Amino acid sequence: MSRSMEKIVALCKRRGFIFQNSEIYGGQNGFWDYGPLGTELKRNVRDSWYHDMVAAHNELVAPESAPSKYQMVGVETSLIMHPQVWKCSGHYDLFHDMMVDCRETKSRFRLDQIRCRTVRFEGETVKQDGTEATLDRVMVTSTAEDFEQDLTDQALKAFGKKKKYADRLQWEGDVSTLDKVDVEQFANVVAPGATKAGTLTAPREFNLMMKTIIGALGTDDDAAFLRPETAQGIFVNFKNVVDSSRVKLPFGICQVGKSFRNEITPRNFTFRSREFEQMEIEFFCRPDESAGWYKYWRDRRYQWYLDLGVSQDRLILRDHHAEELAHYSVGTADIEYAFPFLDEGEFGELEGVAHRGDFDLRSHMEGKLARNADGDLAVELNDDGKPKHRGSGKDLTYFDDQAKERFLPHVIEPSAGADRATLAFICEAYHEDQQPDEKGKMQERVVMQFHPRLAPVKAAVFPLIKKEGMPEKAAEVFGALKAAGLSCQYDQQGAIGRRYRRQDEIGTPYCITIDGDTMQDDTVTIRDRDSLEQTRISVQDVVAEVTGRLGSV
RNA sequence: GCGGAUGUAGCUCAGUGGUAGAGCACCACGUUGCCAACGUGGCUGUCGAGGGUUCGACUCCCUUCAUCCGCUCCA
């Protein structure tokens, strides 16, 4: 079986799943459009998620393996939020990085992460890139953890000296970081790992948040951002939801919606896009119960993909290592899929389940948090001792009227990518197999083996031939399926085998054919996409048979 | 952002400094009638975009956009 990404992308385009955005104008890097079938598919992904997580959740019964009963509600919040939201959440600071590229080593660095120090070596010189000049004083750099040692190594390497001459280096000034160095000086800087000086480009700002302007006469003062995640819309509405909807801890607030990030390198089809859709849950619970809920959501969300047909061989639940954790996170697990565009043994993130403690609610209460010298989270202060980004000042604590306690809930965040999930389901569905044609000769078949709940078209209806009343009868059956709310296609074009193959290629699970017998005894055949098995059923049972086979949708 | 490759019909691809091609798909008619059938006929192109060289550019040159691969980046 070949799962080459190229073939999957071609099929997506050919059959109207996914198109390049603005394609007739040459395309737009990092943006994709869903065609008719892709729209149905993605809607089924979203609907399945919302149905399984929220709509069908019974708050009166504790699911097996859940620590207790819980409630689930939804919100739908605006794409653009108050700019202060992003300052307090930490996105504003973290998304604005000054970066430099090295022309020699082809590597890219965050300016503030490069340590540097000026050095000379007894009249020895270093070549300058792009000129004939030789320098007797250069600034060496390091991104290593042990930068003191690394700076020494870099300096010796630059001057072409052996390690034993380390004590003959003449250092000037203290170790600094490159963001504090004037750009004019960059010609004398030896980049990490480089052999010549002056290979760094001028620093460029990488603004990962998408900026926009509010107001018809908007100036830069009216700058706002398109949200880089939907989660903050939930956090800032936490109090509203608690005050308005009689929810009691533990409960989750869910949201499905678009988010935007200026990814540096959009790549791999829809996997890394600049506009993408998230399906997020922020689950609020008592701090002392948070570990149990974290485990519950990890397993629950992993199982969700398996239940929708993703094979266990290609789906992993991976706990982050301690050093991989974001500064606020107590624990994070990724649900990852072995996409065909990745190397063997590599996985791409579909969803992150994070234990976020009280970080988010606290941030919006008190202001932007950062780790202090003791390693505790505290409001980040400016040099003048005032909060760097002031919070809302609103009380976001929760009063537990059973325990008579007031506290800040902890949060478990299962954050799924709707486009990534859709892409994973597409990749997972793609199969090539051999099926016999009418002469019994084996023919290559492309079949999208979508789980029936996700299949963009649930059933297709064919009259075996275009006359003898069959099209009319087929139209009746088609009408009944449509009236039942099922996404269906009617096709009387071409040979029957070709019509089956067309449906296989878009993953339609069931094909219903009206033939000569139908006209006699009012029965039709229903053909299964994966087994090719045909069963004869009564016309009046068609809707019940199809909905029955589809299961709960 | 860097390096390499690619871009021609709906799809897969050929092509040459001198009138744009094939197969498949699609549509119509006929024949057949349950797994990519056959016959006949038909439709389809800003040769990714912009500029330059040339009498003439799909072809040569420059720029640009997009996709893929490798680096890099990814709170």
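Fair warning: this is a prediction, and the values are worked out from it, not measured in the lab. By convention in this document, chain letters (A, B, ...) are assigned in the order of the sequence lines, proteins followed by strands, and residues within each chain are numbered from 1.
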- Query: Regarding A:Gln492 and A:Tyr490, is there a side-chain donor-to-acceptor distance under 3.5 Å anywhere?
  - Reply: yes
- Task: Would you confirm whether the ring centroid of A:Phe339 sits within less than 6.0 angstrom of the ring centroid of A:Phe271?
- Result: yes
- Task: To the nearest Å, give me how far apart CD (A:Gln20) and C1' (B:rA49) are.
- Result: 14 Å
- If you pin A:Val9 and A:Thr525 to their nearest nucleotides in RNA chain B, which one's is more 5'? A:Thr525
- Task: Can you tell me the distance, in whole Å, between the CD atom of A:Glu533 and the P atom of B:rC35?
- Result: 15 Å
- Return the value, rounded to whole Å, for the distance between atom CD of A:Glu346 and atom C1' of B:rC71. 14 Å
Nucleotide N/O to protein N/O under 3.5 Å, stretch nucleotides 4-12 of chain B:
| residue | atom | partner | partner atom | Å |
| --- | --- | --- | --- | --- |
| B:rC11 | OP1 | A:Lys13 | NZ | 2.8 |

- Query: Distance between the C1' atoms of B:rC62 and B:rA57, in whole angstroms?
  - Reply: 14 Å
- Message: Please report the distance separating the P of B:rG7 from the corresponding atom of B:rG42, rounded so that it comes out in whole Å.
- Response: 31 Å
- Quickly work out the A:Met470 CE to B:rC34 C1' distance and round it to whole Å. 11 Å
- Note on the structure: Sequence neighbours excluded, the answer for side chain to side chain donor-acceptor pair (under 3.5 Å) partners of A:Asp528 is A:Ser531
- Query: Which whole number of Å gives the distance between the P atom of B:rA5 and that of B:rC29?
  - Reply: 50 Å
- Under 3.5 Å, side chain of A:Glu229 to main-chain N/O of A:Ser259, donor-acceptor pair present? no
- Base-pair map of RNA chain B as dot-bracket, where | denotes pairing with a different strand and pairs are Watson-Crick or G-U under 3.5 Å: (((((((..((((....[..)))).(((((.......))))).....(((((..]....))))))))))))....
- Query: Can A:Gln232 and A:His364 be counted as having a side-chain donor-acceptor contact under 3.5 angstrom?
  - Reply: yes
- Query: Which value, in whole Å, describes the distance between the P atoms of nucleotides B:rG56 and B:rC13?
  - Reply: 34 Å
- OP1 or OP2 of B:rA28 under 4.0 Å from side-chain N/O of A:Gln493: yes
- Query: Among all residues two or more places apart in sequence or in another chain, which pass the side chain to side chain donor-acceptor pair (under 3.5 Å) test with A:Glu280?
  - Reply: A:Thr230, A:Ser415
- Message: If the threshold is 4.0 Å, N to carboxylate O, is there a salt bridge linking A:Arg356 and A:Glu282?
- Response: no
- Would you say A:Asn268 reaches B:rC69's phosphate, i.e. side-chain N/O to OP1/OP2 under 4.0 Å? yes
- Query: Within less than 4.0 Å of OP1 or OP2 of B:rA36, is there a side-chain N or O belonging to A:Arg501?
  - Reply: yes
- Query: In whole Å, what separates the C1' atom of B:rU6 from that of B:rA49?
  - Reply: 16 Å
- Message: Any base atoms under 4.0 Å from A:Glu229, or only sugar-phosphate, or nothing? Heavy atoms, all strands.
- Response: base
- Query: Distance between the C1' atoms of B:rC38 and B:rU46, in whole angstroms?
  - Reply: 37 Å
- Grab the CG-C1' distance between A:Asp491 and B:rC35 for me, whole Å please. 13 Å
- Query: Do A:Thr422 and A:Tyr34 have side-chain N/O donor and acceptor atoms under 3.5 Å apart?
  - Reply: no
Report each atom pair, protein N/O against N/O of nucleotides 31-33 of chain B, whose distance is under 3.5 angstrom.
| residue | atom | partner | partner atom | Å |
| --- | --- | --- | --- | --- |
| B:rG33 | N2 | A:Leu464 | O | 3.1 |

- Judged by atom type as modelled, is there a donor-acceptor pair below 3.5 Å linking the side chain of A:Arg499 to the main-chain atoms of A:Pro463? yes
- Query: What is the distance from CG of A:Leu342 to P of B:rC68, rounded to the nearest Å?
  - Reply: 13 Å
- Message: Holding to side chain to side chain contact (heavy atoms under 4.5 Å, CB included), I want the full list of residues that pass it with A:Ser363, two or more places apart in sequence or in another chain.
- Response: A:Phe359, A:Leu369
- Do the side chain of A:Gln534 and the base of B:rC34 come within less than 3.5 angstrom through a donor-acceptor pair of N or O atoms? yes
- Message: Rounding to an integer number of angstrom, what distance separates B:rC43 and B:rG10 when you compare their P atoms?
- Response: 15 Å
- Message: Applying a 4.0 Å non-hydrogen cut-off, can you work out what A:Phe269 is touching in the nucleic acid: base, sugar-phosphate, or nothing?
- Response: sugar-phosphate
- Is there a donor-acceptor pair closer than 3.5 Å between any side-chain N or O of A:Lys458 and the backbone N or O of A:Pro452? yes
- Out of B:rU67, B:rC26, B:rC35, minimum distance to the side chain of A:Arg527 belongs to B:rC35
- Item | Rounded distance in Å - CG (A:Asn29) to C1' (B:rU64) | 14 Å
- Please work out which of the three classes, parallel, tilted or perpendicular, describes the rings of A:His389 and A:Tyr92, given edges at 30° and 60°. perpendicular
- Taking B:rC74, B:rC68, B:rC34 as options, the one with an atom nearest any side-chain atom of A:Asp515 is B:rC34
- Message: Can you measure A:Glu6 atom CD to B:rU67 atom P for me and round it to whole angstrom units?
- Response: 14 Å
- Query: Are the side chain of A:Trp297 and the backbone of A:Ile412 linked by a donor-acceptor contact shorter than 3.5 Å?
  - Reply: no
- Query: Is the side chain of A:Arg536 donor-acceptor paired with the backbone N or O of A:Ile526 at a distance under 3.5 Å, no angle test?
  - Reply: no
- Base of B:rC68 paired with side chain of A:Arg267 (donor-acceptor, under 3.5 Å): no
- Message: For the P atoms, the ones on B:rC60 and on B:rC71, what distance do you get once it is rounded to whole angstrom?
- Response: 31 Å
